[in-house]
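Only one structure is covered here, and it is reproduced in the block below.
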Amino acid sequence: MLQYVTINMDGALLRVAKGTSVLDAALEYGVCIPHLCHVPNLSDMGACRLCIVEHVVNGKAKVTTSCTLRVQEGMVIKSNTDKIQRLRRNIAELLVAEAPNSRAIQDIAARCGVKTVRYPFRNEKCVLCGRCVRVCKEMFAANAIGFVGRGKERRVASPFGKLSEFCKRCNTCLEVCPMTITPCAGPMKPGEEYLCNKCESQLMEIASAPDQCFFCDLGEGFQCSRH
Amino acid sequence: MTKFANAAALEGFRRELLRQRDSIKGTVTICGGTGCQTSQAKKVIDALRAELARRGLTKEIHLRPTGCHGFCEQGPLMVVEPGKVFYCHITPDDAAEIVEKTVIKGEVIQRLLYTDPVSGKKIHSEDDIPFYRAQDRQLLSQNRQVNPLDINDYIAIGGYASLAKTLAKMKPKSVIDEVAASGLRGRGGGGFPTGRKWLECHDAPGEEKYVICNADEGDPGAYMDRCVLEGNPHLVLEGMMIGAFAVGASQGYVYVRNEYPLAVEHVRAAVDQARELGLLGEKILGSRFSFDVEIARGGGAFVCGESTALMASLEGTVGEPRAKDVHTVVDGLWHKPTVLNNVETWANVPSIMGKGAAWFKAKGSKGSKGTKILALTGHIKNTGLVEVAMGTPLRTVLYDIGGGPSRSKDIKAVQTGGPSGGCLPASKFDLPVDFDALYDAGSMVGSGGMVVMDQGTCMVDVAKYFLDFLQDESCGKCVPCRLGIDRMLEIVTAISEGRGKPEHLPLLEDLAETMSLTALCGLGKTAANPVLSTLRYFRDEYEAHIKQGQCPAGVCQALIEYNIDESKCTACGACLRACPYHAIQGKKKEPHHIVAAQCQKCGICHAECKFDAIQVA
Ligand SMILES: Cc1cc2nc3c(=O)[nH]c(=O)nc-3n(C[C@H](O)[C@H](O)[C@H](O)COP(=O)(O)O)c2cc1C
Ligand code: SF4
Ligand code: FES
């Protein structure tokens, strides 16, 4: 039988099934916690760190990622304090500076309140969120791609650089990839490191009511579990 | 050999050993640690052995190859007993003379004695060497008394007596209480209270539990764990056995850094010997406690020393950290409750159980008890391994033990705690070696690395060095660490090349906060410390780079120029011949000059000139 626990999120009491992550619990109740590496029904690796929240234990708030944190009876979570917003904005800024030409990343940055970017733009093809690696391994048990290398060398590759014989050519890796969503035509060029503020999904407005889910386009293009 | 049936059998064996050793007239102890082996200690040992055999002295004189004594810079080292005569820089050719004069006649060979670099005097006995005198060598001094490959040496000095006492007389809970009361804190970096860690593991549900010894030691310049494990492996094993008994584990692992083959060899031999005597295996010393140890080689990355990455590596997967929302004392190796402690932490356990928590607690400061081994390197006269009571001021370590700066320049800062630590300026040298005091000052004790830097060091360059190291060593999994370090390095490099902007400094600080609060593991959380601490104490240097385009220490290549002071140049031609880029011109008897366009700023001429004529500006 499913067991339930009650957690306190931003003052509201949520009743959620035991074993759920705090992120899933929040999304289920319409509390929007930005996330990138989390994919519904896959394991969470805690790579992007966008889903951070404050977990209050004995009066002390500890910053931790909500996707890796399991709910527990009586848990107190603050998902949107000023501090969390500031840290999240900084992480999103690092990400968008890396890949300004991804619509998904642009949207996340806009959603997290990034307006100007303090680092020169790069045009990386991959932000190493690991969505493809996990979907391939956990949904299709194919393990056709994986991480290789450490630190700056880290990248996603197929074994020995050749298409794996286990690859089913299902293309799911492309579907979950944040880099394959065509970017908005806004001025995301080196030397113009800012966001245009005219996102179709009106994410900038959402940034003013950050803790609510607006069923934004971001979720649609990006498999948020609410869609 | 038969297995010891109980504590009394162990004690009986020890007495018998001592009785046999009564007939030994003298002991020659030679350091055979990795440091000294590189300076041909092995050949010295062979030469001495041959010489003793030739004179028929093998029975009377005990030749003992040991682990590192800590004073590696002077290696190979030797101590001749009786008399504690201390020789350094010995060569195989000295063997015959040492046996003839010192071992047989008790004469001292002046040539081989240590010369104190501060007073210039020759010193006879180890006890009088300033490097050793200001230390409190609780752990390291044992290295001199045991041959790491011979369990009898360890038993002879009372080894495994603490284990015997614990098994015969104590309950697991009271062992934990004793360790908690001693105030022992983890020596691997975090300084976490060991007793509390053990208690949490003891209380965690589950039948199967593990203990692990972390010997992955990856900090550049650090080698205290290697020294203890190589020199006295049984001490570490005994600590692990006591810990395993306390938390209820029956299997242990020693996770040794891949680059430490000698340590692996010594622990492996120690485990075999302990097993042979029944100190490992089923029903140890007649108790109900069974325990065994396996040795695993490290994954070859700095980050593999992080607790969750280490466990992943032990499980046979990629050594990458994972989220630790449930602590490893509850959900550790193979999801079982696990205690992971550093080599030095384990090594402190036997004496706590043997001599009591009160004895251990008597040394140290308010929040940091016992002694700590430090690896002293950099611009300092005496480099090597140093063990001091915690609470000892940094100044004592640097000047009394270290002997002060090695070059003519003053000490400017000391970097403590390895790549995750920080740089402390001379104004902070009265701070004690204490977990909390160093943390509050923006650095940490860490695993005990101490890199001394004199006035010729540029702090921006130091920050860049550590960022560069961390960029290679970050696993790359999480955004704040991978991209944060990358962007920090980009900015610091820009500053060191004269492209820095005033807004870079607050950006570095902002980014540092994000990294320290949101990175997944300890590496990312502490990666900004070198930048933050140099910014805190040496902000003026950063500003000089940015605003004046100058590197005050004359280190950052893009910001300096080499010139020849014509009034000092004697036209000796040394620089001209030394310059690999042929950038120096000049005729005989005429002052030379540097062709700026050709100069690659390597600084070779500066080092070569005997007349101080080459200037850096
Ligand atoms: C990046 C990183 C590297 C580490 N490397 C080591 C190491 O080489 N040796 C070690 O004992 N602890 C290392 N640690 C600390 C361990 O995670 C762990 O805290 C320690 O082994 C616990 O033992 P202690 O309580 O006895 O200190 C490292 C931590 C991090 C974050
Ligand atoms: S903080 Fe760095 S080393 Fe640790 S998990 Fe993240 S990327 Fe890897
Ligand atoms: S969604 Fe939690 S870290 Fe990426």
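Chain letters run A, B, ... following the sequence lines, proteins first and then strands; every chain starts at 1. Just so you know, these numbers come straight off a predicted model, no measurement behind them.
Residue B/A519 touches chain A through its backbone alone, counting heavy-atom pairs closer than 4.5 Å.
Your options are A/V127, A/L95, A/T64, A/L94, and the one with the most heavy-atom pairs under 4.5 Å with chain B is A/L94. Contact count against chain B (heavy-atom pairs under 4.5 Å) is highest for A/R49 among A/R49, A/M45, A/R86. Note on B/H504, B/M515, B/Q471: by heavy-atom pairs under 4.5 Å with chain A, the leading option is B/Q471. Highest contact tally toward chain B, considering only A/L69, A/I52, A/V63, is held by A/L69 [criterion: heavy-atom pairs under 4.5 Å]. In terms of heavy-atom pairs under 4.5 angstrom with chain A, the leader among B/E513, B/E503, B/R322 is B/E513. The residue among B/A323, B/A301, B/P480, B/G476 with the most heavy atom pairs within less than 4.5 Å of chain A is B/G476.
Remark: of the listed residues A/I91, A/L50, A/N90, A/I91 is the sole one forming a side chain to side chain contact (heavy atoms under 4.5 Å, CB included) with B/T518.
Atom OG of B/S516 is separated from atom CG of A/L87 by 8.5 Å, given to the nearest 0.5 angstrom. If you take SG on A/C48 and CG on B/L483, they are separated by 11.5 Å, rounding to the nearest 0.5 Å. Rounded to the nearest 0.5 Å, atoms SG (A/C129) and NZ (B/K477) are 13.0 Å apart. One distance of note links OG1 of A/T65 with CG of B/L520; it measures 6.5 Å at 0.5 Å rounding.
In this structure, the side chain of A/R150 engages the main chain of B/D472 through a donor-acceptor pair within 3.5 Å. Judged purely by atom type and a 3.5 angstrom limit, B/R487 has no side-chain atom pairing as donor or acceptor with the backbone of A/R118.
Put simply, the side chain of B/L507 reaches to within 4.5 Å of the side chain of A/Y119, judged on heavy atoms. Looking at heavy atoms from C-beta onward, A/K83 lies in side-chain contact with B/L517 at the 4.5 angstrom threshold.
A salt bridge is absent between B/E473 and A/K152: the closest approach of a Lys/Arg side-chain nitrogen to an acidic carboxylate oxygen does not fall below 4.0 angstrom. A salt bridge links A/R122 with B/D486; the closest basic N to acidic carboxylate O contact falls under 4.0 Å. Look at B/R482 and A/E98 and you find no salt bridge, because none of the NZ, NE, NH1 or NH2 atoms lies under 4.0 Å from a carboxylate O.
Other residues, nucleotides and ligands place more than 12 heavy atoms under 6.0 Å from the CZ atom of B/R539. Within a 6.0 Å radius of CD in A/E153, no more than 12 heavy atoms belonging to other residues, nucleotides or ligands are found. Atom NZ of A/K137 is surrounded by 12 or fewer heavy atoms from other residues, nucleotides or ligands within 6.0 Å. Surrounding CD of A/Q72 are at most 12 heavy atoms belonging to other residues, nucleotides or ligands under 6.0 Å away. Within a 6.0 Å sphere centred on CZ of B/F192, heavy atoms belonging to other residues, nucleotides or ligands number more than 12.
Nearest heavy atom pair, residue B/C478 against residue A/G46, reads CB-O, 4.1 Å.
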